[in-house]
Amino acid sequence: MSRSPVRATPPIEDEKLRIKKPASNVAGIKAVANSFKIGIQETGISKTLKTMRTVNRFNGFDCPGCAWPDPDNHRSGFEFCENGAKAFATEATSSKVTPDFFAKYSITSLSEKSDMWLDKQGRITQPMYLHEGSSHYTEIEWNDAFQLISQSINLETPERIALYTSGRCSNEAAFLWGTLARQIGTNNLPDCSNMCHESSGVALSQSIGIGKGTVTLDDFEHADLVIVVGQNPGTNHPRMLSALASCKRNGGSVLSINPLEEAAMKRFKHPQEILGILGKGTQIADDHIPVRINGDSALFKGFAKVFLDNGTQNMNFIQSNTNGYDAFVNHINHTEWDEIERISGISKDRIQEIGNIISKSKRMIVCWAMGITQHKNSVHTIHDIVNLLLLGGHFGRLGAGVCPVRGHSNVQGDRTVGINHHPSEAFLTSLDKEFGINSPRTSGVDTVRLIQGALNDQFDVLLCMGGNLLSAMSDTNATAEAISKLDLTVQISTKLNRSHLITGKRALILPCLGRTEIDQQESGPQFVTVENSMGVVHSSIGSLNPASDLLKSEVAITCSIGNALFGSKPINWKTFENNYDSIRDAIERVIPGFEDYNKRVRIRGGFYLPNGPRDGPNWNTPSGTAEFISNELSTIEHNEGYVMMTIRSHDQYNTTIYGMDDRYRGIYKARRIVLMNPNDMDEEGILPSDEIDLISIFSGKERYAEQWKVVPYSIPRGNIATYFPEANVLIPLDSVAESSNTPTSKSVVVKIVRR
Ligand SMILES: Nc1nc2c(c(=O)[nH]1)N[C@H]1C(S)=C(S)[C@@H](COP(=O)(O)OP(=O)(O)OC[C@H]3O[C@@H](n4cnc5c(=O)[nH]c(N)nc54)[C@H](O)[C@@H]3O)O[C@H]1N2
Ligand SMILES: Nc1nc2c(c(=O)[nH]1)N[C@H]1C(S)=C(S)[C@@H](COP(=O)(O)OP(=O)(O)OC[C@H]3O[C@@H](n4cnc5c(=O)[nH]c(N)nc54)[C@H](O)[C@@H]3O)O[C@H]1N2
Ligand SMILES: [Mo]
């Protein structure tokens, strides 16, 4: 039997683009109204009020929207934001995807629907199986599904199995998921952070000895300067705006560095403060630097040049805490202003003006996200950010430090508890001791290596704990080809997405509980724990009735797979499923920093994990000090075409599309759009709303994506922007960041062709 073709990319729809002026302020009453509107449409009034009342409360569930922390003591009744509201409304939706639905639609016909349509069909209610050659999923019993997985995994060739993780997974589920991989005999644990903050983890480990941020929420109230670079908090971390506003209230300044002047950085009206809703709002950014895409390394080297010229570097701190200073000074002296100006697109005068402020700062925080991590030289750029902070001694001090702002609500926790394709020997030794297993010592694959390997027939089975790997990965067509070569793919999911349509020869969908739902096990209702962007571990407990009686928790599914494969020895999987306290006890024994886990996580607000640079400062690097790391200045060089970044609109959560508007940027009713500088448009003879095709060129191979409408926008010349995931077809699989292997989603060289 053979299947009809299944579309890997969303169909191109007839979109009625409307362009308005970008918003001059964000949040405020409109955001509150929108939150309620979406909630009520998806879930009805009483569920909306119930979820809004419990999200991010001490005894409620953790908002699945992002990893920004909650205030320690004074949580308002509504510690939520518009986009958090969208995230939980789509989970708590009353729409259902039942076996009848799958009987009605073949995977081919589903693939002709938009990503938004797929998500809007609602929660998947029971396990489904796609037989080899079949084009329709049919029902399968849970036990049969577990048997099928166990029979498909050949323990003789564990290197041919991979277990993907998306960052909503709780600490408890992630710890067991990683343990399952090691019991199978592999470190093949690709995860969403490979496409996200991997560059931050790699660079920060080298520079400061820990792959995490060093600030707490409180630090924002004490900082005199916060730099927000390569991040769009108004859309992606709206609750962060309160922290920026509190910095401002206390007399601090906020600087934004971004090719786009994102609306949130202009003026913010706190939705939870009545005056904020009605009044003029707080002006967030005091200054904005419209850096060229991938010009940040140059810019930060420029700031360091000014700093050194001013002679205000903190020599006490540098002498007692760092290594590599002299080489760094030499490197900066040899970096030419011409190159800095050319690559950053910012004049020496402007860099000097800002550099003077930076070199005077006593308490500076630098925040960043995907605008920094998804380039070829991302790891180097993050070294440059840390170098600048080291010059001022901004570690181990109130109001100062690094703040890589995480995306998925528990992506940082997943890594802490063992979702890591390069696990440390110390971790594996204690895991083996705890469970009596022999964990493999060879590194596993990340997402890019998984797809490259699958293209070369090196994998048989892929188990996915959440997410939508097909659409999140670069090079959608190559990724689809790779996944189709697998024998079995298993998706543990809440909602339908394209990864359920582009599958291995056989596929399973295992539907699971979401954060908002009651998780009832043998010993009673369970809670889970998560770690936010600032290293606070706290609990999350759902309060809604599950979308279907047949759902299982991520923990229960993992335990059942473990049990089907290995029985109860040496790991007694079922005890973990019955009572999650036992999982936390095991985590406590295996991973440092979780002492008294069960007790401390039951205290309001949870607890902080240890953090050397913050607590000491002390530095877990080979030299025992922080490192100035000097890398040659670089950027993405190209002879023709444009550099394209792929970004999120205000109406999406990664590959989940909530709606067709990008309100803050003034773009309505369309997603297949390209933001372009009006002067570049003039030169190309392109008018607003004209359609163009995009072609990316890499290593001699061309990739096409048709039919994009052009939107004139204030973006540096030679730079353009499109939305993820529609533009992922253009990102070459082999175009990755050095050292972190993250797809270069923010620097894709493309040519444009007028239609
Ligand atoms: N509502 C909502 N919230 C989310 C998500 C979501 O999709 N929707 N996703 C979550 C996840 S997983 C993540 S990782 C985060 C992502 O959060 P962000 O990183 O804010 O997301 P992006 O839209 O990718 O935005 C990247 C920003 O970097 C800028 N940028 C691009 N290239 C460069 C560059 O070279 N230099 C500089 N200085 N800036 C650049 C872009 O203009 C844009 O403002 O958000 C999390 N929160
Ligand atoms: N071009 C481009 N590509 C990118 C990016 C970019 O900026 N540009 N960003 C990258 C980044 S930062 C990230 S993090 C990745 C995201 O990659 P992923 O994490 O793989 O993708 P998501 O879209 O967040 O996954 C959404 C799906 O997760 C499932 N889900 C939701 N909640 C739950 C739950 O509680 N449990 C389980 N088991 N499943 C659940 C639903 O089925 C939903 O459809 O994409 C990356 N891809
Ligand atoms: Mo992310």
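Atoms within a ligand are numbered from 1 in the order they appear, just like the ligands themselves. These numbers come from a predicted model, not from an experiment. Throughout, residue positions are numbered sequentially from 1 according to the sequence presented.
At least one N/O-N/O distance between G467 and ligand 2 falls below 3.5 Å.
Among protein heavy atoms, the minimum distance from atom 8 (N) of ligand 2 is reached at T646 OG1, 3.1 Å. For atom 33 (C) of ligand 1, the nearest protein heavy atom (residue, atom name, distance) is G371 O, 3.3 Å. Looking only at protein heavy atoms, the nearest one to atom 9 (N) of ligand 1 is N654 OD1, 3.0 Å. Closest protein heavy atom to atom 14 (S) of ligand 1: C196 SG, 3.2 Å. Scanning the protein for heavy atoms near atom 11 (C) of ligand 1, the closest one is G407 CA, 3.2 Å. What sits closest to atom 45 (O) of ligand 1 on the protein, heavy atoms only, is N236 CB, 3.3 Å. Atom 43 (C) of ligand 1 has its closest protein heavy atom at E262 OE2, 3.5 Å. Remark: minimum distance from atom 42 (O) of ligand 1 to any protein heavy atom is reached at N258 OD1, 2.7 Å. Given atom 47 (N) of ligand 2, the protein heavy atom at minimum distance is A472 O, 2.7 Å.
Interface of S493 with ligand 2, defined as ligand atoms under 4.0 Å from a residue heavy atom, comprises 39 (N), 42 (O). Here is the list of ligand 2 atoms found below 4.0 Å of a heavy atom in S745: 1 (N), 2 (C), 3 (N), 8 (N). Near N294, meaning under 4.0 Å from one of its heavy atoms, ligand 1 places the atoms 34 (C), 35 (O). The contact set between ligand 2 and I492, taken as ligand atoms under 4.0 Å from a residue heavy atom, comprises 37 (C), 38 (N), 39 (N). Atoms of ligand 2 found under 4.0 Å from any heavy atom of S166, numbered from 1 in the order shown, are 18 (P), 19 (O). Here is the list of ligand 2 atoms found below 4.0 Å of a heavy atom in C512: 36 (N), 37 (C), 38 (N). Against a heavy-atom cut-off of under 4.0 Å, T655 is close to the following atoms of ligand 2: 22 (P), 23 (O). Near K495, meaning under 4.0 Å from any of its heavy atoms, are these atoms of ligand 2: 41 (C), 42 (O), 44 (O).
For the residue pair S499 / N468, a side-chain donor-acceptor distance below 3.5 Å is found, with atom types taken as modelled. Using modelled atom types and a 3.5 Å distance limit, the side chains of N377 and S634 yield a donor-acceptor pair.
Note that OH of Y704 is 10.0 Å distant from OG of S696, once rounded to the nearest 0.5 Å. In this structure, K552 NZ and I557 CD1 are separated by 8.0 Å, a value rounded to the nearest 0.5 Å. Note: S740 OG to Q374 CD = 9.5 Å, rounded to the nearest 0.5 Å.
Using the six-membered ring where Trp is involved, F303 and F300 have ring planes that are perpendicular, over 60° apart on the 30 and 60° scheme.
Stacking of R168 on the aromatic ring of Y653 is recorded, both the 6.0 Å distance cut-off and the 45° axial limit being met. Annotation: cation-pi geometry not satisfied between K120 and W117 (NZ/CZ under 6.0 angstrom from ring centroid, within 45° of ring axis).
Using 4.0 Å as the threshold, H197 has no heavy atom nearer than that to any atom of ligand 2. The closest approach between R515 and ligand 2 stays at or above 4.0 Å for every heavy atom of the residue. Within the structure, the closest approach of M473 to ligand 2 does not fall below 4.0 Å when heavy atoms are considered. Within the structure, the closest approach of Q491 to ligand 2 does not fall below 4.0 Å when heavy atoms are considered.
Of the candidates E554, M645, K746, M465, it is E554 that places a heavy atom closest to atom 36 (N) of ligand 2. In this comparison of Q374, M370, M195, the heavy atom closest to atom 5 (C) of ligand 2 sits on Q374.
Under 4.0 Å is where a charged nitrogen must lie from a carboxylate oxygen, and between R648 and D662 no such pair does. Salt-bridge annotation for E726 and R671: present, with a side-chain N of the basic residue lying under 4.0 Å from a carboxylate O of the acidic one.
The side chain of I731, and not its backbone, has at least one atom closer than 4.0 Å to an atom of ligand 2 (non-hydrogen atoms only; side chain from C-beta on).
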